[in-house]
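Have a look at the structure below before the remarks.
Keep in mind that this is a model prediction, so the values were computed, not measured. All values below come from the heavy atoms of this structure, side chains included, with hydrogens, waters and symmetry mates left out.
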Amino acid sequence: MPKTERRVALLGALIGLFASAYLPVDYIFGSGICLTGSGCDIVRQSALAYPLGVPMPAFGVAFFLIAAALTLSGRPRIAALPTAVLAMSWALIGLGVMTVLTLVEVLGIRSLCSWCLLAAIGTALLAGGAIGTWRHSRLPRPAAVRSSRSRRRAAAETDADSDALRRFAAVSSTVLAITFMALLAAPALIGASPADQLVGGDGGAPPKGDGETEVVVFSDFQCPACAQAAPVLSQLADEGSIQLVYRYFPLSSIHAIATIAAEAAQAAARQGRFWEFHDALFARQSEWSGVGEVQARATFQQMAVDLGLDAERWGADATSATVAAAIATDRRAGEQLNLLGTPTIFIEGTRYEGSLDRASLMSAIESATSR
């Protein structure tokens, strides 16, 4: 097998392995490093992410490990044809599967995960290198070497090529491993505490109020306690006592319409009317929280019309990948903070554990301001 083609194939396998190995970290902890925006979040929350109940990256890790082993097997120049056929067949199977998955992301989920894209690039390199290797393996072999000296020289060249490929694998693996560790360490190297990064990060909804004290609320529009806290927090923001930041944290496992309501609110935010829609959702919570999805969507659309929004644009935005990404970003921030319920309130980055009445909240706000 020629050295160049095998190196291309091996590099593709290692790149794919790198991306597939990092994805479980993103699934569990949420890296925030996604070159295509929040597409990682959307793909991670889709049915595509857990086929047969197993995280998709686990299949990728297994595939690329086998691909690397097949590429490293055999001799660089005189490997048997069946080895090249097997390596090429494995690579082409992976290329076909990766092509289908990428099309599902683009056309079905309508969002692209950058780590999946990197794995796809690795698969393409693997397939290209494997095809090139297979083509050379089919060429007629040179005439048998007659002298023992020539045979030893040919064997030495073959061993040298094998050693060179292994060194290439070692260097490439080391570079990718260092990059992997750097990605893991990146959040800590930023300098801010995890709570500061997550609570103070940019959410989809605009802040309200110009007070000195920042209050962040992770909330669910279908949550009765959130409906109780919302008018109190809004009033404090209107009075200038706080700057209120709303972050979406729909508890879809217990509130079937929560995510749809969040999408409706974020669609209103894209027309500059988030807080009006926020107030309407909570004020009319009893009207829509116990109905089906179709009726709830109709209610939300009527809210948009009542508020004077462009209903057609609002409807398109409510089901768009952009709106879903904003909600997914907030949801993942809440997951990283290990939130157990809503509303969860942070006052100047510190989790508030008190009552939701005005007096208790004001006392905590004044205490935070005086620090």
How many angstroms lie between CG in L65 and CG in L17, if you round to the nearest 0.5 Å? 5.0 Å

Residues which pass ring pair (Phe, Tyr, Trp, His ring centres under 6.0 Å) with F249, listed by chain and number, not counting sequence neighbours: none

Heavy-atom closest contact (I365 atom, I242 atom, distance): CD1-CG2, 3.4 Å

Taken to the nearest 0.5 Å, the spacing of L23 CG from L118 CG works out to 9.0 Å

Would you say E263's side chain and A324's backbone share a donor-acceptor pair under 3.5 angstrom? no

Indicate yes or no for a side-chain donor-acceptor contact from W90 to the backbone of L70 under 3.5 Å, with no hydrogens or angles considered. no

Search all heavy atoms of Q243 against all heavy atoms of G209 and return the closest pair with its distance. CG-O, 3.5 Å

Run the ring-centre check on F221 versus F282 and record whether the distance is less than 6.0 Å. yes

Set of residues satisfying side chain to side chain contact (heavy atoms under 4.5 Å, CB included) with respect to Q302, sequence neighbours excluded: V305, D306

For the side chain to side chain contact (heavy atoms under 4.5 Å, CB included) test, which of T329, T342, I327 pairs with Y248? I327

Report yes if the side chains of R247 and S219 come closer than 4.5 Å at any heavy-atom pair, otherwise no. no

Applying side-chain hydrogen bond (donor to acceptor under 3.5 Å, both in side chains), can you list everything that pairs with H255, at least two apart in sequence or on another chain? D220

Please name all residues satisfying side chain to side chain contact (heavy atoms under 4.5 Å, CB included) with S173, sequence neighbours left out, ordered by chain then number. L14

Of all residues at least two apart in sequence or in a different chain, which pass the side chain to side chain contact (heavy atoms under 4.5 Å, CB included) check with I254? L251

With F64 via ring pair (Phe, Tyr, Trp, His ring centres under 6.0 Å) - residues at least two apart: none

Side-chain donor/acceptor of Q222 to backbone N/O of S289, under 3.5 Å: yes

According to ring pair (Phe, Tyr, Trp, His ring centres under 6.0 Å), who are the partners of F274, at least two apart in sequence or on a separate chain? Y246, H278

Under the side chain to side chain contact (heavy atoms under 4.5 Å, CB included) rule, what do L11 and F168 come out as? Steps first, then yes or no, please. CA-CA 9 Å; L11 181 61; F168 176 79; 4.3 Å; yes

Test side chain to side chain contact (heavy atoms under 4.5 Å, CB included) on F63 and V97; report intermediate values, then the result. CA-CA 11 Å; F63 169 80; V97 172; over 6 Å; no

Quick one: does any side-chain atom of R6 pair with a main-chain N or O of T133 as donor and acceptor, under 3.5 Å? no

CE/M362 to CG/D357 distance, rounded to the nearest 0.5 angstrom? 12.0 Å

Got L281 and F300 here, is their nearest side-chain heavy-atom distance under 4.5 Å? yes

Minimal heavy-atom distance between A130 and A87, with the atoms involved, is CB-O, 4.1 Å

Hey, is the main chain of Q295 close enough, under 3.5 Å, to the side chain of T299 for a donor-acceptor pair? yes

Which heavy-atom pair separates A237 from L244 by the least distance, and what is that distance? CB-CB, 3.9 Å

Identify each donor-acceptor pair in which a side-chain atom of residues 174-181 lies under 3.5 Å from a protein atom, sequence neighbours left out, and give them as a table.
from: T174; atom 1: OG1; to: A170; atom 2: O; distance (Å): 2.8
from: T179; atom 1: OG1; to: V175; atom 2: O; distance (Å): 2.9

Any heavy-atom pair between the side chains of L356 and V232 that's under 4.5 Å? no

Would you call R313 and D317 a salt bridge, using N to O less than 4.0 angstrom? yes

Got a sec: does the CD of E312 have more than 12 other heavy atoms crowding it under 6.0 Å? no

Is there side-chain contact between I345 and F218, with at least one heavy-atom pair below 4.5 Å? no

For the side chain of E348 and the backbone of A368, is there at least one donor-acceptor N/O pair under 3.5 Å apart? no

Point-to-point distance, once rounded to the nearest 0.5 Å, from CZ of F277 to CD of Q266: 11.5 Å

So V245 and K208, do their side chains get closer than 4.5 Å, heavy atoms only? no

Verify, without hydrogens or angle tests, whether S20 (side chain) and G16 (backbone) share a donor-acceptor contact under 3.5 angstrom. yes

Would you check, one step at a time, whether the test side chain to side chain contact (heavy atoms under 4.5 Å, CB included) holds for R167 with D163? CA-CA 6 Å; R167 286 195 297 271; D163 291 341; 3.7 Å; yes

Is there a donor-acceptor pair under 3.5 Å between the side chain of T344 and the backbone N or O of G341? yes

Side-chain touch I131/L92, heavy atoms, less than 4.5 angstrom: yes

Tell me, please, which residues at least two apart from S252 pass side-chain hydrogen bond (donor to acceptor under 3.5 Å, both in side chains). R331

Sequence neighbours excluded, which residues qualify as side-chain hydrogen bond (donor to acceptor under 3.5 Å, both in side chains) partners of E287? R284

Under the 3.5 angstrom rule, does the side chain of W314 hit a backbone N or O of A264 as a donor-acceptor pair? yes

Do L72 and V171 sit in one hydrophobic cluster, given that two such residues count as connected whenever their side-chain heavy atoms are within less than 4.5 Å of each other, even indirectly? no

Mind listing the closest non-hydrogen atom pair of W134 and A84 along with its distance? CA-CB, 4.0 Å

T102 OG1 to L95 CG distance, which is reported to the nearest 0.5 Å: 9.5 Å

Taking every non-hydrogen atom, the tightest pair across A296 and V291: N-CG2, 3.7 Å

Heavy-atom check, side chain of L126 versus side chain of T71, under 4.5 Å: yes

To the nearest 0.5 Å, atom CG of L361 lies from atom CG of L233 at 6.0 Å

Can you find a pair of side-chain heavy atoms, one from P57 and one from Y22, that are under 4.5 Å apart? no

Going through the distances and angles, do I93 and M98 end up as a side chain to side chain contact (heavy atoms under 4.5 Å, CB included)? CA-CA 9 Å; I93 290 171; M98 189 61 73; over 6 Å; no

E293: partners by side-chain hydrogen bond (donor to acceptor under 3.5 Å, both in side chains), with sequence neighbours left out: R297

Partner set under side chain to side chain contact (heavy atoms under 4.5 Å, CB included) for S89, not counting sequence neighbours: V85

So, R332 and E335, do they make that salt bridge, N to O below 4.0 Å? no

